[in-house]
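Report on the following structure.
All chains are named by letter (A, B, ...) in the order of the sequence lines, taking the proteins before the strands, and each is independently numbered beginning at 1. Values below: all heavy atoms of this structure, side chains included; hydrogens, waters and symmetry mates excluded.
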Number of protein chains: 2
Amino acid sequence: MLSALANPHRLRIMATLKAEGRSYVSQLARQVGISRPLLHLHLQKLEEAGLVTSQMELSPDGKALNFFAVADFAVELTPDLLVQAAATLSARSE
Amino acid sequence: MLSALANPHRLRIMATLKAEGRSYVSQLARQVGISRPLLHLHLQKLEEAGLVTSQMELSPDGKALNFFAVADFAVELTPDLLVQAAATLSARSE
DNA sequence: ATCATGTGTCAGTAAAATCTGACATGTGTC
DNA sequence: GACACATGTCAGATTTTACTGACACATGAT
């Protein structure tokens, strides 16, 4: 999740998405100002991290649109949380 | 700050540092199990992000030891915060 | 003087993340 | 059929990040 957020484009995507409410890939690419394949890549990472949700829909004129929206989340980022997160990585002797 | 935390080694460093209370570079390198130059690099990034603090001290036998400790911080990681963070990146039309 | 231990830096390499420019596929409209 | 607009994927180039193996310097003990 942290590495998903460690990127300027992805932060901007989150911001735009939050402002727009929801948007589909091609439209969002225009809004953010990056290429569609690149956006697709970033959206993939954001979705894997559970930061955005996607939903395929059919537009009135029959086009398949993949809508994205920011997920609801709230994490208290503290040293203790990091200790907990580090434990997840892999068991180590210490 | 987010990109500083987006790395397994750095998470482990934070965890070890939190567990030990404080530690100096060479010792910490042994505890974490990575080379000293590499640790130095990571500590640099962590310190730039304000996640750790350093303090030069002289040991009883005259060696200069650079002690590191985790800083106190607490950030509520939410969509709104990200919007705020994105605004920091660079002004854009939109 | 040599050794052990500490500090930092730096050039060069290895690995990972990022980005681009195709390609393939689908639908409705001109 | 050609066009406009949507979806996705993928190979290859580029850029960042991570890492290693020196090097330089300082101190106290042998």
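- Closest to the B/K45 side chain, of the nucleotides D/dT7, D/dT20, D/dA18, is D/dA18.
- Going from atom CZ of B/R12 over to atom C1' of D/dA18 covers 14 Å, rounded to whole Å.
- Remark: B/S35 is in phosphate contact with D/dT20, judged by side-chain N or O atoms under 4.0 Å from OP1 or OP2.
- The interatomic distance linking A/N66 (CG) with D/dT9 (C1') rounds to 14 Å, in whole Å.
- Residue A/S59 has no polar side-chain atom (N or O) positioned under 4.0 Å from OP1 or OP2 of D/dA6.
- Hydrophobic clustering of Ile, Leu, Val, Met, Phe, Trp and Tyr side chains at less than 4.5 Å, counting indirect connections, unites A/I34 with A/L51.
- Following chains of ILVMFWY side-chain contacts shorter than 4.5 Å, one cannot reach A/V83 starting from B/I13, and the two form parts of different hydrophobic clusters.
- When the side-chain nitrogen and oxygen atoms of B/R10 are compared with OP1 and OP2 of D/dA18, one or more of them lie within a distance under 4.0 Å.
- Checking the phosphate oxygens (OP1, OP2) of D/dA6, a side-chain nitrogen or oxygen of A/R30 falls inside 4.0 Å.
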*Reading DNA chain C 5' to 3', what string of ( ), [ ], | and . shows its pairs, if Watson-Crick and G-U wobble pairs count only when both distances fall under 3.5 Å?*
||||||||||||||||||||||||||||||
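- Along DNA chain D, the nucleotide nearest to A/Q44 and the one nearest to A/K63 differ in position, and the one closer to the 5' end is contacted by A/K63.
- Rounded to a whole Å, the CZ atom of B/R36 is 15 Å from the P atom of D/dC23.
- Extent of DNA chain C lying under 4.0 Å from chain B heavy atoms, first and last nucleotide in 5' to 3' order, is C/dT5 to C/dT9.
- When the P atom of D/dT27 is taken as reference, atom CG of B/L58 falls 10 Å away, rounded to whole Å.
- B/L28 has its side chain within reach of B/Q31: a pair of non-hydrogen atoms, C-beta onward, lies under 4.5 Å apart.
- Listed pair A/Y24 / D/dT7 fails the phosphate criterion, with no side-chain N or O lying under 4.0 Å from OP1 or OP2.
- The distance between atom CD of A/Q27 and atom C1' of D/dA6, rounded to the nearest whole Å, is 12 Å.
- If you find the closest nucleotide of DNA chain C to A/P37 and to B/A64, the one lying nearer the 5' end belongs to B/A64.
- Side chains of B/L2 and A/N7 form no contact here, defined as non-hydrogen atoms less than 4.5 Å apart.
- If you check the side chains of B/S59 and B/D61, you find a donor sitting under 3.5 Å from an acceptor.
- Under the 4.5 Å side-chain criterion, counting only non-hydrogen atoms from C-beta, B/V75 is not in contact with A/V75.
- One atom, CG of B/L11, and another, C1' of D/dA18, lie 15 Å apart when rounded to the nearest Å.
- Side-chain atoms of A/E20 and A/Q27, non-hydrogen and from C-beta on, never get closer than 4.5 Å to each other.
- Applying the ring pair (Phe, Tyr, Trp, His ring centres under 6.0 Å) test to every pair with at least one member in residues 26-83 of chain B, sequence neighbours left out, gives these pairs: B/H9-B/H42, B/Y24-B/F67.
- Just one of A/M14, A/K18, A/R10 meets the side chain to side chain contact (heavy atoms under 4.5 Å, CB included) condition when paired with A/V52; it is A/M14.
- Atom C1' of nucleotide D/dC5 and atom CG of A/D61 are separated by 9 Å, given to the nearest angstrom.
- Using a 4.0 Å cut-off, some side-chain N or O of B/H9 falls inside it from OP1 or OP2 of D/dC19.
- At whole-Å resolution of the value, NE2 in B/H40 and P in D/dG21 are 18 Å apart.
- By the rule that hydrophobic residues join a cluster once side-chain heavy atoms approach within less than 4.5 Å of another member, A/V25 and A/L65 end up as members of separate clusters.
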